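Remember, it's a predicted structure, so these values are computed and weren't measured experimentally. Values reported hereafter were calculated over all heavy atoms of this structure, with side chains retained and with hydrogens, waters and symmetry mates removed.
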Amino acid sequence: MARRILPFVASLFMATPLAAPVVNSKANAASMSNALPSAKSLQAAFFSQQLHDMYRDLNVEAQGLRYEVFEKAMTGYLNLQHDGQLSDDKQLLTVVDFELPSTEKRLWVLDLEAKQVKFHTLVAHGHNSGENVATNFSNQNESNMSSLGFYVTQGEYVGKHGRSLKLNGVDEGYNTNALARSVVMHGADYVSEEFIQQYGRLGRSLGCPALPMDQKDEIIEAVNGGTCLFLNGPDQSYSSKYLDEDVAMNTLLSANS
């Protein structure tokens, strides 16, 4: 039995038939005349086109979300969906790009079904990850650093920061100690434009992706209960089993099986 996939994914495949890649040069034309493209190359081209179409429809490039970060986030989302780790009820993807400075809005909550940006806002990184820009990351307890990678949101609770959201890190070696470290989503007074104006950067957390106080309730309410969160950063050593493009591609293709 084919795995159930979300409606927005199925609609992409039903809307567009598979087609050979566009020929852009005489050299390509000669090559194409000698051999038909493989099924896998067609699938890969179609997969890439669907991600580019989604990126365009969300209109996030104008907000500073780079395609390469979006592509990684979507690949992980589809891998987690394939593994049955995400809720079927919420087609949301939260992306945080710690390659951007804290003075920029670097958190996006994307509604993949409606193809809309639900939230685009500031978010803090860990105290020992850096000043305005996060450059250091850790999975270790008491490191006071942010942890890169993919997370699946869990349930809410009320703690020392008020309403908060538990985050389950699923990238072994990078963020799997998040629950033990109490790395959660919560609001903080130091995440605001006023703080930036006074100090030239946001305040910093103990490793949590802290949110503006005036948006934290809405964001936590939206993304709780089994949605995907991806924290990107400038760490060239980062790798993830959830960045398997074949799994992501086949998850999309299974819509027609």
Ion pair check, R106 and E99, cut-off under 4.0 Å | no

Quick one: NZ on K118 to CD on Q116, what's the gap to the nearest 0.5 Å?
-> 8.0 Å

Determine yes or no for a side-chain-to-main-chain donor-acceptor pair under 3.5 angstrom, with S164 supplying the side chain and G162 the backbone.
-> yes

Results of ring pair (Phe, Tyr, Trp, His ring centres under 6.0 Å) for H127 - residues two or more places apart only = none

More than 12 heavy atoms of other groups within 6.0 Å of D189 CG | no

Residue list, side chain to side chain donor-acceptor pair (under 3.5 Å) with T121, at least two apart or on another chain = Q215

Do the side chain of T251 and the main chain of H82 share a donor and acceptor less than 3.5 angstrom apart?
-> no

Set of residues satisfying side chain to side chain donor-acceptor pair (under 3.5 Å) with respect to S129, sequence neighbours excluded | none

Which salt bridge (Lys or Arg N to Asp or Glu O under 4.0 Å) pairs, counting each pair once, include a residue from residues 202-215, with sequence neighbours left out?
-> E131-R204

How long is the span from the OG1 atom in T153 to the CD1 atom in I219, to the nearest 0.5 Å?
-> 13.0 Å

Within residues 223-239 or reaching into it, pairs that qualify as salt bridge (Lys or Arg N to Asp or Glu O under 4.0 Å) - sequence neighbours excluded = none

Does one hydrophobic cluster hold both L243 and V247, with members joined at side-chain heavy-atom distances below 4.5 Å?
-> no

Who are the salt bridge (charged side-chain N to carboxylate O under 4.0 Å, His left out) partners of K40, not counting sequence neighbours?
-> D246

Those residues at least two apart in sequence (or on a different chain) that pass salt bridge (charged side-chain N to carboxylate O under 4.0 Å, His left out) with R56 are D53

Quick one: name the residues clustered hydrophobically with Y199, using the 4.5 Å side-chain heavy-atom rule over I, L, V, M, F, W, Y, and just say none if it's on its own.
-> L122, Y190, V191, F195, I196, L202

Could you tell me which residues satisfy side chain to side chain donor-acceptor pair (under 3.5 Å) with Q85, sequence neighbours excluded, listed by chain and number?
-> Y242

Can you run down the salt bridge (Lys or Arg N to Asp or Glu O under 4.0 Å) pairs that involve residues 135-159, sequence neighbours left out, and say none if there aren't any?
-> E156-R163

Has the side chain of H125 got a donor or acceptor atom that lies under 3.5 Å from a matching backbone atom of G130?
-> yes

Apply the test side-chain contact (heavy atoms from CB on, under 4.5 Å) to residues M54 and L58: give CA-CA distance (whole Å), side-chain angles for both, the deciding distance (0.1 Å), then the verdict.
-> CA-CA 6 Å; M54 178 64 72; L58 287 163; 3.9 Å; yes

Cut-off 3.5 Å, no hydrogens considered: what does the side-chain donor-acceptor table look like for residues 172-184, sequence neighbours left out?
residue : atom : partner : partner atom : Å
Y174    : OH   : S237    : O            : 2.7
Y174    : OH   : S239    : N            : 3.4
N175    : OD1  : V170    : N            : 3.1
N175    : OD1  : D171    : N            : 2.8
N175    : ND2  : L148    : O            : 3.2
N175    : ND2  : F150    : O            : 3.0
T176    : OG1  : N139    : ND2          : 3.3
N177    : ND2  : N139    : O            : 2.8
R181    : NE   : Q140    : O            : 3.2
R181    : NH1  : S138    : O            : 3.1
R181    : NH1  : S147    : OG           : 2.8
R181    : NH2  : S143    : OG           : 3.3
R181    : NH2  : M145    : O            : 2.7

Just jot down the ring pair (Phe, Tyr, Trp, His ring centres under 6.0 Å) partners of F70, sequence neighbours excluded, or say none.
-> Y55

